[in-house]
Amino acid sequence: MNDNEVTYSTGDVAKDLGVSKTTIINLVKEFNLEVRKNPKNGYRFFTTDDLHKVREIQNCIEKMGKERALEQWNNPKIKNTVNPIKNVGLTEVETLKEGLALQQQHSQSLINEINELKEQIKSIQAAQMRKEDFENLIVQELPVALKEALGEKDNQIEELKEHLNRIENVQNNRDKMLVEALRQSQEAQQQFAVGLSERKKLKKWWEFWR
């Protein structure tokens with residue numbers, strides 16, 4: 001197989017004859033056609049000669065049935081009379097050209113689809129990488145952030161405790177001052193009452209003359 005050789009896939013030949021690919025494969029096997037395979041992928045490829053032979057076989061089958069066509073094909077005299085190159089007419093040449101153009105369009109369409117799939121795969125891989133980077137960032141940074149947040153909360157709790165202690169100390173001091181002031185007030189009242197009582201006991205100076 002060379003680059004300038006016109007070749008056709010099993011699907012192309014089946015489409016040309018209006019039959020299924022399975023029918024073409026069976027014809028190749030039953031009529032022992034020497035159809036080569038692509039060494040790269042193992043698929044059959046048909047040359048112009050192969051295409052003409054398959055057409056001849058299909059015409060014989062349609063006219064006389066498969067058994068008669070098979071017997072006739074196995075007859076060396078009849079088999080050797082098939083000369084695709086000499087029997088190819090202008091119409092068949094045009095058909096081959098159209099088939100080649102369709103094959104090229106199909107190949108280009110496949111190439112475009114493959115390129116689109118590659119771009120989609122790249123996008124998916126990039127998105128997956130961004131997701132993994134984000135997950136790694138969370139795994140790495142989250143413990144540190146939590147530790148800092150907990151440390152800040154601990155500091156706030158300590159400050160709140162100190163503030164509460166100061167308030168408690170102020171309240172205790174105020175209570176002590178109130179108790180002391182109350183005690184002093186009671187003592188002053190008691191002293192005043194004692195003094196008043198003593199004053200009542202003392203006679204006025206003019207009362208001594210009575």
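N41 approaches Y43 most closely through the heavy-atom pair OD1-N, 2.9 Å. Closest non-hydrogen pair, I25 versus R44, comes out as CG2-NH1, 3.9 Å. Listed here is the closest heavy atom pair of F31 and W73: O-NE1, 3.2 Å.
If you chain together hydrophobic residues whose side chains sit under 4.5 Å apart, M64 and V19 never meet in one group.
K122 contributes atom NZ, which lies 13.0 Å from atom CE of M129 (distance to the nearest 0.5 angstrom). Interatomic distance, Q125 CD to R130 CZ, rounded to the nearest 0.5 Å: 12.0 Å. Residue Q186 holds its CD atom at 7.0 Å from CD of Q190, rounded to the nearest 0.5 Å. Within the model, atoms OG1 of T47 and CD of E34 stand 11.0 Å from one another, a figure rounded to the nearest 0.5 Å. Interatomic distance, R166 CZ to E168 CD, rounded to the nearest 0.5 Å: 12.5 Å. Annotation: the span from E30 atom CD to E67 atom CD amounts to 10.5 Å, rounded to 0.5 Å.
A salt bridge is absent between K176 and E180; no separation between the charged side-chain nitrogens and carboxylate oxygens falls under 4.0 Å.
Using a 4.5 Å heavy-atom cutoff, the side chains of D50 and T7 are not in contact. Side chains of L27 and I61 form a contact here, defined as non-hydrogen atoms less than 4.5 Å apart. For the pair F45/R36, a side-chain contact is recorded, criterion being any heavy-atom separation below 4.5 Å from C-beta on. Contact annotation: the side chain of V35 approaches that of F46 to within less than 4.5 Å [non-hydrogen atoms, C-beta and beyond]. Looking only at side-chain heavy atoms (C-beta outward), L17 and I24 come within less than 4.5 Å of each other.
For Q128, the CD atom sits in a packed shell: over 12 heavy atoms of surrounding residues, nucleotides or ligands are nearer than 6.0 Å.
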Under the side chain to side chain contact (heavy atoms under 4.5 Å, CB included) criterion, do K21 and V13 qualify, and how do the steps go?
CA-CA 8 Å; K21 292 193 292 185; V13 177; over 6 Å; no
Residue pair D12, S9: steps toward the side-chain hydrogen bond (donor to acceptor under 3.5 Å, both in side chains) verdict
CA-CA 5 Å; D12 295 332; S9 67; 3.1 Å; yes
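For N112 and Q108, the side-chain atoms include at least one donor-acceptor pair closer than 3.5 Å.
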